[in-house]
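Contents: one structure, followed by commentary.
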Amino acid sequence: ALLPWLARYFWNSSERRFHAIASANAPLIARCLVTHRKLMAEAGAEHLLSDRGYLRVVRDTEDMAAEEAVQQDAKARYGVEYEVCNPDRLAELEPHLAGNLVGGFLMPQPASIFDPLALTEAYLALFRRRGGRLATADATLLARDVAGDLPGWSVATAEGALSARDAVLCLGPWSRDLLKSFGVNAPLATKRGYHMHFAAEGNAVLNRPVLDLDNGYVLAPMTKGVRLTTGAEFATRDRPATPRQLEMVTPKARQLFPLGAKRDAGPWLGARPCFPDMLPMVGPVPGRAGLWANLGHHHLGLTLGPVTGELIAAMVTGAAPFTDPQPYRVGRFGRG
């Protein structure tokens with residue numbers, strides 16, 4: 001079932017296409033922290049942000065050389081800063097790491113969030129303070145509103161019909177079928193990921209997210225404990241959970257950092273909506289006046305949510321967007 005999508009994904013992974021996609025994503029990435037910081041200040045959530053960057057750790061000298069070449073290229077092309085760390089520097093940054101590390105790379109520019117749920121709730125509270133309203137509805141019933149004074153869109157909610165001139169579809173991995181009903185081909189697949197929270201043993205502390213390049217997982221300090229996250233699992237959206245990756249990397253993560261008892265009853269599973277070109281879909285739905293889309297943020301949903309929200313808001317209100325939205329156009333894959 002996934003093979004046609006994977007073939008397109010593979011085609012987009014050529015070096016030429018990779019850099020074209022990275023350049024298209026760059027304006028969003030460059031602005032994401034600015035937008036988050038503004039919202040966090042207004043929402044009173046600045047305490048949830050860490051500016052300590054993240055670490056990429058390595059166990060082999062040949063891998064260090066290869067990774068440094070990657071980082072040099074990223075800095076030359078996109079201005080990505082990095083610091084080469086020897087074992088002494090790693091011990092200074094993260095004194096409780098183990099595992100015969102030969103070195104690593106500190107990425108100082110990224111920030112991280114200690115509690116994504118708390119941040120989301122703070123943003124929701126800000127939305128409500130600004131006059132926003134949260135309602136529950138069946139999005140598949142969204143339809144043209146022909147009864148009102150102005151053409152627009154309407155959907156039935158538990159509190160009655162909700163009508164507006166404009167509607168924005170932000171349904172993540174559930175967007176594909178609805179867009180198809182509006183004539184849009186949206187080849188969304190889901191890259192599923194798992195995580196589990198652990199206590200830290202004794203007085204062990206993790207100061208920033210750490211990526212184990214050899215084994216493909218991340219450890220991150222969170223409010224609930226140390227979060228262990230996996231790589232991507234290619235599977236259909238609603239397939240039962242298969243947390244095999246989490247089971248495989250947990251012993252390896254324990255060798256890197258002293259993880260204690262699990263703090264979750266079971267693993268978390270998220271389905272990340274991805275297009276084969278790894279670009280989001282942001283803009284007007286062709287041929288449907290007043291209907292817009294903002295979805296398909298692949299692994300960067302939290303990262304890109306506010307900045308693509310800013311972009312779609314500018315388009316809806318007729319303001320000048322901060323970047324050309326053409327790479328993210330809704331109809332780039334043709335009709336559904």
Side-chain angles (χ1 to χ4, degrees), residues 29-30 32-37 40 45-59 63-64 67-68 70-71 74-75 78-120 122 193-231 246 249-250 252-260 262-264 268 270 299-306:
I29 301 296
C32 67
L33 259 179
V34 174
T35 313
H36 263 298
R37 288 187 195 278
M40 286 180 193
E46 294 166 293
H47 62 287
L48 298 173
L49 185 73
S50 169
D51 279 316
R52 293 179 174 179
Y54 80 96
L55 269 179
R56 304 163 72 89
V57 297
V58 184
R59 294 176 178 80
D63 291 342
M64 275 290 293
E67 180 64 16
E68 186 167 7
V70 171
Q71 297 305 327
K75 183 174 182 178
Y78 309 110
V80 178
E81 297 292 338
Y82 68 95
E83 176 192 338
V84 180
C85 301
N86 60 25
D88 289 340
R89 177 60 171 152
L90 287 184
E92 178 185 338
L93 293 169
E94 296 294 344
H96 293 102
L97 292 185
N100 299 317
L101 302 173
V102 300
F105 300 84
L106 174 65
M107 315 303 293
Q109 291 169 303
S112 55
I113 300 296
F114 293 118
D115 193 330
L117 176 59
L119 180 65
T120 304
Y194 299 83
H195 76 227
M196 173 68 71
H197 291 100
F198 294 83
E201 289 188 341
N203 65 344
V205 174
L206 193 67
N207 296 309
R208 58 185 54 77
V210 176
L211 167 62
D212 184 339
L213 281 167
D214 297 301
N215 295 302
Y217 65 85
V218 171
L219 290 173
M222 309 296 286
T223 301
K224 288 188 66 176
V226 178
R227 178 181 291 180
L228 170 60
T229 73
T230 70
L246 192 62
V249 299
T250 297
K252 299 178 185 297
R254 290 188 183 279
Q255 295 171 7
L256 179 65
F257 182 84
L259 297 175
K262 294 178 181 178
R263 287 192 164 174
D264 300 320
W268 175 91
H299 297 256
L300 303 179
L302 176 64
T303 302
L304 297 183

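What's counted below: heavy atoms across the whole structure, side chains too, no hydrogens, waters or symmetry copies. Just so it is clear, the model here is predicted, and its values are computed rather than measured.
- Under the 4.5 Å side-chain criterion, counting only non-hydrogen atoms from C-beta, M222 is in contact with P116.
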- request: Take L219 and F198 through the side chain to side chain contact (heavy atoms under 4.5 Å, CB included) test and state the conclusion after the steps.
  value: CA-CA 10 Å; L219 290 173; F198 294 83; 6.0 Å; no

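- H197 meets the ring pair (Phe, Tyr, Trp, His ring centres under 6.0 Å) test with H195; sequence neighbours excluded.
- Atoms CG and OG, from L49 and S112 in turn, are 7.0 Å apart once rounded to the nearest 0.5 Å.
- Here the closest heavy-atom approach between residue A98 and residue Q255 is recorded as CB-O, 3.7 Å.
- The shortest distance between side-chain heavy atoms of F257 and L97 falls below 4.5 Å.
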- prompt: Going through the distances and angles, do S50 and I113 end up as a side chain to side chain contact (heavy atoms under 4.5 Å, CB included)?
  reply: CA-CA 6 Å; S50 169; I113 300 296; over 6 Å; no

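- Side-chain atoms of N215 do not come within 3.5 Å of backbone N or O of A253 as any donor-acceptor pair.
- A 4.5 Å side-chain heavy-atom check between H36 and L119 finds at least one atom pair inside the cut-off.
- Within the structure, ring-ring contact (aromatic ring centres under 6.0 Å, His included) pairs that include any residue of residues 81-120 do not occur (at least two apart or interchain).
- Of the candidates L211, L228, T230, L228 is the only one forming a side chain to side chain contact (heavy atoms under 4.5 Å, CB included) with Y217.
- Residue pairs meeting the salt bridge (charged side-chain N to carboxylate O under 4.0 Å, His left out) criterion with at least one member in residues 202-212, sequence neighbours excluded, are R59-D212, E94-R208.
- Taking OH of Y194 as the reference point, atom CG of L246 lies at 9.0 Å (rounded to 0.5 Å).
- The shortest side-chain heavy-atom distance between M40 and L48 does not fall under the 4.5 Å cut-off.
- The shortest side-chain heavy-atom distance between P209 and P221 falls under the 4.5 Å cut-off.
- Under a 4.0 Å N-O distance rule, the pair R89/E83 qualifies as a salt bridge.
- The CE atom of M64 sits 8.0 Å away from the SG atom of C85 when rounded to the nearest 0.5 Å.
- With rounding to the nearest 0.5 angstrom, the CZ atom of R52 is 10.0 Å from the CG atom of L206.
- Sequence neighbours left out, not one pair with a member in residues 99-111 passes salt bridge (charged side-chain N to carboxylate O under 4.0 Å, His left out).
- When side chains are defined from C-beta on, L213 does not count as touching D63, because their heavy atoms never get closer than 4.5 Å.
- A heavy-atom distance below 4.5 Å is found between the side chains of M196 and K262.
- L256 CG to L101 CG: the interatomic distance, rounded to the nearest 0.5 Å, is 6.0 Å.
- Taking E201 as the reference, nothing meets the salt bridge (Lys or Arg N to Asp or Glu O under 4.0 Å) condition, with sequence neighbours excluded.
- For residues 221-231, the pairs satisfying salt bridge (charged side-chain N to carboxylate O under 4.0 Å, His left out) are K224-D264, with sequence neighbours left out.
- Using a 4.5 Å cut-off on side-chain heavy atoms (C-beta onward), L300 and I29 make contact.
- One distance of note links CG of N207 with CG of L55; it measures 9.5 Å at 0.5 Å rounding.
- For the pair D214 and V57, the tightest heavy-atom approach, listed with the atom from each and the gap, is OD2-O, 4.5 Å.
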